[in-house]
Amino acid sequence: MNGMETQETFPRIISVDDHTVEPPHVWRDRLPSRYRGTGPRIVRAPLKEMTFLGGKFAPVMGAKGDDGPIGDWWVYEDLHRPLTRLDTAVGYDRDEIRLEVITYEQMRPGSFSVPDRLADMDVNHVQSALCFPTFPRFCGQTFTEASDRELGLLCVRAYNDWMVEEWCGPEARGRLIPLTLIPLWDPELAAAEVRRNAARGVRAVAFSEIPPHLGLPSVHTDHWDPFLRACDETGTVIAMHIGSSSRMPSTSADAPPAVGSTITFANCCFSMVDWLMSGKFERFPNLRIMYAEGQIGWIPYILERADVVWEENRAWGGVADKVTRPPSELFAGHVFGCFFDDAFGLRNLDAIGAANVLYETDYPHSDSTWPKSKEVGEAQMGHLPPDVVERIVRGNAIDLLGLSPEGLWRP
């Protein structure tokens, strides 16, 4: 009899990587009136053209009256970003999911409505969920790339207020877990925003997997120390989603999206080695990081190779003075891999560590296992003991995110 057959039911899932599609009013209702014309707002307009090649998404908005499919677009300074079917694909047949613009009426309401989201979580055996942004992108780089820093900071704070007070507010009944943003352009302001949100119970903040891709300093510098110190002192986990460097992995400018979709884990892989060789975990002993949607099957080899490099090459490799323990030990105490569909990784769980793995559903994206996340988990974790399944599906998330024993967020 295998481990799963000894359980009557699969544990209620705590997903550490879902997504919210922000309603049109998020910034409209929270920015000063002088920014109503320049802050993020929804405009309904036709699509002129749109490509997604070599990991780069390039949409062009048409003018009113132009031919082309109609969609809802976020407009912010010079940015025009449409809502697309890839933002909210659940409920559609896989062969019907294409790169196309849509309106709010054409998406599943659970993408942006709290009651509908909770209903879809019930369908999918999900108790609680941590949600990444859509329009701000996965770590708020939309506001970092904007020209008006004062407005950008207000936009970050407005998003965080909406996230805590509305998306994760009373209507969510503790089932939605807040994930906030920081002003990436200023580590002191970032630290202040971490502390502001930690004071109201937030225990997760989004960050870029590879900051230099955004034109920002790397984690090998001391630039980020104020931010990292704030996370260390408040117990705030740093959550990095694939694509949070505004650059999805690819191989060439003309590579089809299928190439990048296959190797999405690559940015997480590169990022994790950065962190393991940075010395930050020894300087900030309470720091914890997690990789959303990175899967876990690649982790054992990277840890094996990192340990060999540290053992054999640390003198000339530039890390002997700051990394004093094997990278695999640092991983065990500080890093969490997240997966939604990774049978290979689960077969090699001993080489990763059950305490370092989190489960996710990726609702409402095209890769999501909704509404069969329970069935996927049962099939892929059937060889594991019940206590290990419990830890992966919910226990690790409860500990990491400071949830109640029942798996709910309490401010």
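Hydrogens, waters and symmetry mates are skipped; everything else that's a heavy atom, side chains included, is used.
At a cut-off of 3.5 Å, with distance as the only test, no side-chain donor of S244 or Q141 sits close to an acceptor on the other residue. A side-chain donor from one of D18 and T361 sits under 3.5 Å from a side-chain acceptor of the other. If you check the side chains of D274 and H220, you find a donor sitting under 3.5 Å from an acceptor. With no hydrogens or angles considered, no side-chain donor-acceptor pair links R175 and Q127 at under 3.5 Å. Inspection of the S373 and N124 side chains reveals an N or O donor paired with an N or O acceptor under 3.5 Å. Judged purely by distance below 3.5 Å, without hydrogens or angles, the side chains of S245 and E209 pair a donor atom with an acceptor atom. Judged by distance alone, the side chains of D341 and Q380 do bring a donor and an acceptor atom under 3.5 Å apart. A side-chain donor from one of D120 and Y363 sits under 3.5 Å from a side-chain acceptor of the other. Side-chain contact, N160 with E193: a donor N or O sits under 3.5 Å from an acceptor N or O. Side chains of S404 and R410: a donor-acceptor N/O pair is absent below 3.5 angstrom, by distance only.
The 12-atom threshold is not exceeded at CG of D350, counting heavy atoms of other residues, nucleotides or ligands nearer than 6.0 Å. Residue Y104 places its OH atom among more than 12 non-hydrogen atoms of other residues, nucleotides or ligands, all under 6.0 Å distant.
The distance between the ring centers of W185 and F143 does not fall below 6.0 angstrom. The distance between the ring centers of Y291 and H241 does not fall below 6.0 angstrom.
No donor-acceptor pair closer than 3.5 Å links the side chain of N286 to the backbone N or O of G235. No side-chain donor-acceptor contact under 3.5 Å links R195 to the backbone of T234. The main-chain N or O of D225 is never found under 3.5 Å from a side-chain atom of D222 such that the two would form a donor-acceptor pair. Remark: side-chain polar atoms of H334 are not paired, donor with acceptor, to backbone N or O of R288 under 3.5 angstrom. Judged purely by atom type and a 3.5 angstrom limit, D66 uses its side chain to pair as donor or acceptor with the backbone of A63. In this structure a side-chain-to-backbone donor-acceptor pair under 3.5 Å is present from W73 to A45. Side-chain atoms of Q295 come within 3.5 Å of backbone atoms of F340 as a donor-acceptor pair (strictly under, hydrogens ignored). Judged by distance alone, with hydrogens and angles left aside, the side-chain atoms of D342 form a donor-acceptor pair with the main-chain N or O of I296 at under 3.5 Å. A donor-acceptor contact shorter than 3.5 Å links the side chain of T221 to the backbone of S218.
Geometrically, R85 engages Y92 in a cation-pi contact defined by less than 6.0 Å to the ring centre and at most 45° from the axis.
Between W162 and Y159, the ring planes lie tilted relative to each other; the angle falls in the 30° to 60° range. Taking the six-membered ring where the residue is Trp, H125 and F10 present tilted rings, their angle falling between 30° and 60°.
Looking at D399 and R391, a side-chain N of the basic residue comes within less than 4.0 Å of a carboxylate O on the acidic one, giving a salt bridge. E171 has no carboxylate O lying under 4.0 Å from a charged side-chain N of R117, or vice versa, which leaves the two without a salt bridge. With respect to the salt-bridge test (charged N to carboxylate O, under 4.0 angstrom), the residues E166 and R30 qualify. A salt bridge links R200 with D161: the distance from a Lys NZ or Arg NE/NH1/NH2 to an Asp or Glu carboxylate oxygen falls below 4.0 Å.
Each of D362, D87, T134 was scored for a side-chain hydrogen bond (donor to acceptor under 3.5 Å, both in side chains) with H19, with one residue passing: D362. Shown are F135, W167, F112; of these, the side chain to side chain contact (heavy atoms under 4.5 Å, CB included) with E22 is made only by F135.
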| Step-by-step side-chain hydrogen bond (donor to acceptor under 3.5 Å, both in side chains) determination, T142 to R137 | CA-CA 6 Å; T142 293; R137 308 216 299 285; 3.0 Å; yes
